[in-house]
Number of protein chains: 2
Amino acid sequence: MKMTMKDIAKEANVSTATVSHVINGTKHISEEKQNKIMEVIRKYNYIPNSTAKNLRKQSTKTAGLIVSSFPDSFVTGMVYGAEKRAREMGYNLLLINTNENSSYEKETINLLHAQMVDGIILAPTSSGASYLNSFTDDNFPIVLVNRDDPSVKNVPKVTGDNYQTGFDATTHLLKHGYKKIGIIYAVANVSTTVNRIEGYKDALKKYHVPFDDSFIEQGHATVEGGAEAVKSLLNREKDISALFILNDLMTIGAISKIKELSLRIPKDIALMGFGDFASANIIDPPVTNIVLPPETIGKTAFDVLLSKINNPEYNKHIELPPTLITRKSCGC
Amino acid sequence: MKMTMKDIAKEANVSTATVSHVINGTKHISEEKQNKIMEVIRKYNYIPNSTAKNLRKQSTKTAGLIVSSFPDSFVTGMVYGAEKRAREMGYNLLLINTNENSSYEKETINLLHAQMVDGIILAPTSSGASYLNSFTDDNFPIVLVNRDDPSVKNVPKVTGDNYQTGFDATTHLLKHGYKKIGIIYAVANVSTTVNRIEGYKDALKKYHVPFDDSFIEQGHATVEGGAEAVKSLLNREKDISALFILNDLMTIGAISKIKELSLRIPKDIALMGFGDFASANIIDPPVTNIVLPPETIGKTAFDVLLSKINNPEYNKHIELPPTLITRKSCGC
DNA sequence: GTGAAAGCGCTAACAC
DNA sequence: GTGTTAGCGCTTTCAC
């Protein structure tokens with residue numbers, strides 16, 4: 001049978017107030033009653049009903065984590081970091097995957113806003129998140145993660161430094177002498193993609209290499225998508241000598257296609273991937289990647305959410321730097 | 001300002017009951033009042049407080065998904081399948097990762113049991129889950145996923161057929177003529193490992209190959225762990241001619257180590273991996289894997305949870321069959 | 001130190 | 001067709 005605090009109180013011959021106080025340590029209760037109450041609690045294995053507690057306290061100690069592309073290895077890492085941190089801090093995490101579906105995203109936020117959650121960590125879809133302003137204006141704690149959206153005001157953000165990522169990756173390729181550098185990306189109109197391309201452009205500019213937007217190709221964020229993107233890009237631009245690929249699955253697909261085309265890496269075409277997938281080192285040749293720390297981003301996002309919950313004025317933008325892991329595919 | 005149903009009722013000159021009925025469609029309300037109410041609701045962008053609703057209805061429309069090793073690609077796939085299905089069915093998912101920590105698992109289940117969740121999908125740790133019986137006896141809906149634990153009664157289960165996985169993988173290697181087949185695994189005392197090894201033994205028996213338990217090696221479920229396990233196994237058993245590796249990251253580590261040892265795959269040592277990782281096809285040689293469908297397992301687990309919620313007597317064990325993806329590493 | 005009781009925001013039985 | 005109201009299980013103010 002399901003026990004309530006009332007039942008416990010009755011059996012211990014005290015009031016519910018007293019029971020509540022010993023459970024939460026909110027007031028000093030005589031040792032005698034305390035012992036008696038704990039005994040009854042243990043006897044029935046009683047656990048207070050969180051729903052009732054939540055209603056009363058207007059807080060659920062759970063946060064929403066809304067991502068838009070799962071399972072992508074980067075996103076998975078973020079989820080891991082956030083979940084771990086949440087747990088450490090006594091929170092639970094509601095995981096929602098919107099699959100880049102913006103109207104589902106809105107719906108979800110509305111739902112979670114209705115008290116199910118103390119705050120939300122959101123990796124927005126590509127459709128823009130300015131509708132969030134009605135929530136943030138209301139001081140509902142939201143933090144933007146991974147993807148930035150400048151149109152949302154009054155939110156803290158945790159992202160990787162995608163501009164620097166694009167800049168460093170491109171510079172590295174440029175230093176190896178490659179000038180015709182293609183880019184393959186998956187999701188348009190998100191800061192991760194846009195900023196990396198900005199960095200790419202600026203690196204080209206610095207090296208006086210003209211920018212050509214037909215060197216940029218979009219594809220699906222899958223192995224097959226990467227293969228197809230390479231094919232269509234190389235078909236159009238035959239003298240591309242290096243590739244910067246913004247997604248790990250696509251990198252794998254790209255390598256597959258390049259080998260199929262009997263092109264040699266890096267001799268005929270050099271390769272720079274994004275995100276450090278496990279097999280990067282045993283592929284022939286080992287693939288050079290530029291990485292952003294997904295787990296740290298997730299963990300930090302949760303910390304930032306907590307800051308925002310405790311201080312509505314907290315609106316920092318934390319940007320984590322990239323790391324270049326050089327192996328052979330870039331010509332190193 | 002935060003609106004309540006009472007506020008809406010007052011502004012629309014009706015009772016809260018009427019508001020509730022138009023929101024939930026639980027009774028027929030005159031079109032006139034209905035319109036008025038909807039208008040007020042929209043005006044304030046009102047959303048009913050779920051906590052209050054949950055308390056009243058004794059149901060939260062959220063389920064707990066407790067996994068013990070995240071982010072492992074198999075687990076990630078399961079999470080994806082379950083989350084997707086939950087969403088389709090109007091449920092939310094609370095994701096918890098116990099990191100193989102059994103006492104944290106217990107704690108979590110206690111917590112979630114206290115009304116935060118309508119049921120739980122659990123991939124138990126290796127420490128045994130018989131303590132669950134106190135919950136399942138109470139008809140709290142729990143489904144075991146991925147890892148089976150026969151000591152838990154009155155639960156439905158969704159797993160891969162791990163016995164068949166071990167049997168088929170081993171048989172395939174045997175048919176290629178390999179007799180000295182090593183096994184590398186990560187987690188001891190879980191059905192996934194134990195049953196695959198059972199299948200391995202039975203396959204050996206069928207081919208009249210003696211079983212030798214020093215052919216079995218444990219390691220960490222990481223790239224490095226796989227490398228080390230291969231090293232120590234090959235050090236001990238020099239005439240091993242094939243390897244069955246139960247975890248994808250370990251497979252990658254193993255390949256790395258084998259190449260480092262200047263051994264050729266499959267000539268010197270054949271390889272059978274588990275789980276179809278993206279790069280399997282572009283590694284040299286492409287690696288043969290036996291796979292169980294993580295996404296289907298996750299999706300099915302959620303369906304089964306729903307069945308269990310609706311029918312406390314539902315206790316089926318659904319076992320999904322493996323698929324062999326033959327490439328080159330096995331000698332094919 | 002302890003208890004009575006109000007009230008969090010909703011649903012649903014019941015009355016009209 | 002609509003309103004009144006009890007009550008879900010807890011926390012917390014206020015008396016004592």
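In what follows, chains are A, B, ... by sequence order, proteins preceding strands, each numbered from 1. None of the values given here were measured: they were computed from a predicted structure.
With rounding to whole Å, A:M5 atom CE is found 13 Å from C:dG3 atom P. Atom-to-atom, NZ of B:K53 to P of D:dG9 comes out at 18 Å; the value is rounded to the nearest Å. Note: CG (A:N49) to P (D:dG7) measures 17 Å, nearest angstrom. With rounding to whole Å, B:H28 atom NE2 is found 15 Å from D:dG3 atom P. In this structure, NZ of B:K6 is placed 12 Å from P of D:dT5, rounded to the nearest angstrom. Atom-to-atom, CD1 of A:I23 to P of D:dG9 comes out at 14 Å; the value is rounded to the nearest Å. Taking atom CD1 of residue A:I41 and atom P of nucleotide D:dG9, one finds them 16 Å apart after rounding to whole Å. Here the P atom of nucleotide D:dC8 and the CG atom of A:D7 are 10 Å apart, to the nearest Å.
OP1 or OP2 of D:dT11 sits under 4.0 Å from a side-chain N or O of A:S20. Contact annotation: A:Y46 side-chain N/O to D:dG9 OP1/OP2 distance is not under 4.0 Å. The phosphate of C:dC8 (OP1 or OP2) has no side-chain N or O of B:T4 nearer than 4.0 angstrom. For A:T51 and D:dG9, the shortest distance from a side-chain N or O to OP1 or OP2 is not below 4.0 Å.
Distances from the side chain of B:S15 to the nucleotides D:dG1, C:dT11, D:dT4 place D:dT4 closest. Checking D:dT11, D:dG3, C:dT11 against every side-chain atom of B:R56, the shortest atom distance belongs to C:dT11. Counting only heavy atoms from C-beta on, B:V14 has its side chain closest to D:dG3 among D:dG3, D:dC8, C:dT2. When distances are taken from the side chain of A:T18 to each of C:dT2, D:dC8, C:dC10, the shortest belongs to C:dT2. When distances are taken from the side chain of A:Q58 to each of C:dC8, D:dC10, C:dG3, the shortest belongs to C:dC8.
No more than 12 heavy atoms of other residues, nucleotides or ligands sit less than 6.0 Å from atom NZ of A:K10.
Between A:Y80 and B:F70, the ring-plane angle classifies as tilted under the 30° and 60° cut-offs.
If B:I29 and B:K57 are placed on DNA chain D by their nearest nucleotide, the residue sitting closer to the 5' end is B:I29. Between B:A52 and B:E31, it is B:E31 whose nearest contact on DNA chain D lies nearer the 5' terminus.
Here OG of B:S191 is found 5.0 Å from CG of B:D148. Values are rounded to the nearest 0.5 Å.
Remark: side-chain polar atoms of A:Q34 are paired, donor with acceptor, to backbone N or O of A:I29 under 3.5 angstrom. A donor-acceptor pair is defined here as one N or O able to donate and one able to accept, closer than 3.5 Å; such a pair exists between the side chain of B:N162 and the backbone of B:G160.
When only modelled atom types and interatomic distance are considered, B:N315 and B:N154 share a side-chain donor-acceptor pair under 3.5 Å.
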Please list, pair by pair, any protein nitrogen or oxygen found under 3.5 Å from a nitrogen or oxygen in nucleotides 13-16 of chain C.
{"from": "C:dC14", "atom 1": "N4", "to": "B:K27", "atom 2": "NZ", "distance (Å)": "3.0"}

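A cation-pi arrangement is present between B:R87 and A:Y104 under the rule of less than 6.0 angstrom and at most 45 degrees off the ring axis.
Within the 4.0 angstrom heavy-atom criterion, base atoms lie near B:T16. Across all strands, A:N24 comes closer than 4.0 Å only to sugar-phosphate atoms, never to a base (heavy-atom distances). Nucleic acid contact for B:N13: sugar-phosphate only, since backbone atoms but no base atoms lie under 4.0 Å from a heavy atom of the residue.
Between B:E88 and B:R85 a salt bridge is recorded (basic side-chain N to carboxylate O distance below 4.0 Å).
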